[in-house]
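The structure appears below as structure tokens.
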Amino acid sequence: LSSIINNKGFLENCELIVVNDGTKDNSESIARKIIEGLPNAQIIVQENRGLSAARNTGLSRAKGEYIWFIDSDDWIEPDMYEYLLNIGMKNNADVSRCGFVIEAENSDITVDSQNDSELRVLSGDELIIELVNGDYNEGIMCNKLYKRRLFDSVRFKEGITIEDCLANYYIYKQQVTLVSSSAVKYHYLQRSDSITGTAFSEKSFDILKVHGEIMNSSADNPKIFEHCLKAYIR
């Protein structure tokens with residue numbers, strides 16, 4: 001939270017919605033102390049229903065022109081908000097993307113968060129093709145800034161662990177333009193007990209459910225369907 005409210009221009013231009021998804025520790029009290037006195041911040045407390053449900057709750061309350069997701073353990077560079085907003089506006093993009101780094105617990109590795117990265121602009125079918133192929137435009141959402149209207153008909157599917165990829169697919173189906181930068185602005189903390197760090201389980205098959213849904217939804221577009229089918233088989 002501290003890295004969010006310390007972002008350039010945040011206090012003047014952003015609303016902060018913190019969703020406490022049934023935590024059993026003192027996370028809520030810590031969050032309340034950090035945002036105390038901020039007129040544009042709120043905390044929503046709900047029973048534990050998972051990451052997708054927490055994000056959907058936030059989306060239902062959001063009033064701003066843009067949407068930006070940050071997971072509770074992660075942190076961002078001081079200029080991430082400003083940087084993504086600027087490159088998006090300059091390129092007339094619906095979605096702005098920056099690079100991210102996976103941080104191990106107790107790691108002391110530093111990352112260059114350069115701003116002079118070369119930009120790529122993608123749109124239409126190429127976005128979905130890169131998404132299902134796992135190329136440069138990866139499926140996660142925390143390193144992206146979205147125009148809020150893209151979520152008018154999109155919500156996160158509850159009960160699965162690959163919800164980002166599926167939500168991005170339905171956003172990209174709206175024929176959006178995305179501007180992408182490799183400048184690292186987001187730090188993703190990989191805990192040993194996290195969703196992505198745990199051992200193989202039944203939840204590991206969620207990737208098949210997600211790619212199966214994407215494949216079936218793309219059946220009427222031969223250009224995309226070929227890549228979706230290959231991804232599902234892979």
Verify whether one side chain among [X] and [Y] offers a donor that lies under 3.5 Å from an acceptor in the other.
| X | Y | answer |
| --- | --- | --- |
| Thr23 | Asn20 | yes |
| Asp94 | Tyr172 | no |
| Lys173 | Ser217 | yes |
| Asp21 | Gln46 | yes |
| His187 | Asp74 | no |

Please test Arg32 against Glu28 for salt bridge (Lys or Arg N to Asp or Glu O under 4.0 Å), starting from the C-alpha separation and ending with a verdict. CA-CA 6 Å; Arg32 290 191 184 280; Glu28 182 183 344; 2.9 Å; yes

Looking at [atom1] of [X] and [atom2] of [Y], how far apart are the two atoms once the value is rounded to the nearest 0.5 Å?
| X | Y | atom1 | atom2 | result |
| --- | --- | --- | --- | --- |
| Trp75 | Glu103 | CH2 | CD | 4.0 Å |
| Leu127 | Leu178 | CG | CG | 5.5 Å |
| Arg155 | Tyr170 | CZ | OH | 15.0 Å |
| Ile70 | Ile76 | CD1 | CD1 | 4.0 Å |

Verdict with reasoning, Glu158 to Asn56, per side-chain contact (heavy atoms from CB on, under 4.5 Å): CA-CA 9 Å; Glu158 299 185 25; Asn56 288 338; 3.7 Å; yes

Might you work through the salt bridge (Lys or Arg N to Asp or Glu O under 4.0 Å) test for Glu138 and Lys144, ending with a clear yes or no? CA-CA 10 Å; Glu138 69 291 299; Lys144 299 178 179 69; 2.9 Å; yes

side-chain contact (heavy atoms from CB on, under 4.5 Å) with Leu119: which residues, sequence neighbours excluded? Tyr83, Ile87, Asn91, Val179, Ser181

Among all residues two or more places apart in sequence or in another chain, which pass the side-chain contact (heavy atoms from CB on, under 4.5 Å) test with Ile44? Ile17, Gln42, Thr57, Arg61

Please tell me if the side chains of [X] and [Y] come closer than 4.5 Å, counting only heavy atoms from C-beta onward.
| X | Y | value |
| --- | --- | --- |
| Phe151 | Ile171 | yes |
| Leu131 | Cys165 | yes |
| Asn133 | Lys230 | no |
| Leu84 | Arg97 | no |
| Asp71 | Leu189 | no |
| Leu145 | Leu85 | yes |
| Ser218 | Tyr169 | yes |
| Glu163 | Val210 | no |

Side chain Asn143, main chain Phe100, donor-acceptor under 3.5 Å: no

Common cluster, Val19/Ile30, ILVMFWY with side-chain heavy-atom separation under 4.5 Å: no

Hey, is Lys209 close enough to Asp206 for a salt bridge, meaning N to O under 4.0 Å? yes

Please determine if Arg120 and Glu130 form a salt bridge, counting it only when a charged side-chain N lies under 4.0 Å from a carboxylate O. yes

What residues, two or more places apart in sequence or in another chain, satisfy salt bridge (charged side-chain N to carboxylate O under 4.0 Å, His left out) together with Asp164? Arg55

